[in-house]
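Read through the structure below, which is laid out as structure tokens, and then see the notes.
Fair warning: this is a prediction, and the values are worked out from it, not measured in the lab.
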Amino acid sequence: MNSIGLIREFLQNRLGTAPERVVPEAVLAGLGVDSLLMLELIFEFEDRFGVKLPGDLTSPRTVGEMASLMDNLISQR
């Protein structure tokens, strides 16, 4: 599964968000992602892909920013 797929699955399971709404330009807050849900998404990502996000991470604003962050970490491991 790729990073966008993970985000789609996560939001569908947690919020019932239709997968077609989870596109790179979608604002995470507009999809219902608050700070707690963002942490849960980060933990899910870390568990699935076996990577660790940096503690000083600036919270991504869009689905695309989150996916890029995930993809960069995956490619660095």
Side-chain angles (χ1 to χ4, degrees):
M1 173 178 292
N2 64 20
S3 55
I4 290 274
L6 172 72
I7 297 167
R8 281 186 177 128
E9 179 184 287
F10 180 86
L11 294 178
Q12 185 175 24
N13 291 341
R14 295 284 165 58
L15 300 174
T17 305
E20 60 271 6
R21 290 188 58 214
V22 184
V23 294
E25 59 275 359
V27 176
L28 289 164
L31 295 174
V33 178
D34 60 13
S35 58
L36 179 59
L37 205 57
M38 178 63 74
L39 284 175
E40 290 181 30
L41 176 57
I42 288 169
F43 293 147
E44 180 75 19
F45 168 70
E46 290 177 338
D47 287 347
R48 288 257 189 119
F49 292 103
V51 296
K52 185 79 173 151
L53 289 167
D56 61 350
L57 174 71
T58 301
S59 193
R61 194 176 83 69
T62 66
V63 170
E65 288 173 7
M66 185 69 180
S68 290
L69 174 67
M70 291 176 169
D71 290 342
N72 287 338
L73 286 171
I74 291 168
S75 69
Q76 291 175 12
R77 62 176 169 149

Could you tell me whether the side chain of [Y] reaches within less than 4.5 Å of the side chain of [X], counting heavy atoms only?
{"X": "E9", "Y": "N13", "value": "yes"}
{"X": "L28", "Y": "T62", "value": "no"}
{"X": "F45", "Y": "V51", "value": "yes"}
{"X": "E44", "Y": "R48", "value": "yes"}

Salt bridge (charged side-chain N to carboxylate O under 4.0 Å, His left out) partners of residues 11-20, not counting sequence neighbours, each pair once: R14-E40
Distance check, rounded to the nearest 0.5 Å: [X] atom [atom1] versus [Y] atom [atom2]?
{"X": "I7", "Y": "M70", "atom1": "CD1", "atom2": "CE", "answer": "4.5 Å"}
{"X": "D47", "Y": "I42", "atom1": "CG", "atom2": "CD1", "answer": "12.0 Å"}
{"X": "R21", "Y": "Q12", "atom1": "CZ", "atom2": "CD", "answer": "12.0 Å"}

M66 to P60 - nearest heavy-atom pair and separation: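 Closest approach of M66 to P60, heavy atoms only: SD-CG, 3.2 Å.
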Got a sec, which residues hit side chain to side chain contact (heavy atoms under 4.5 Å, CB included) with L15, two or more places apart in sequence or on another chain? L11, T17, L37
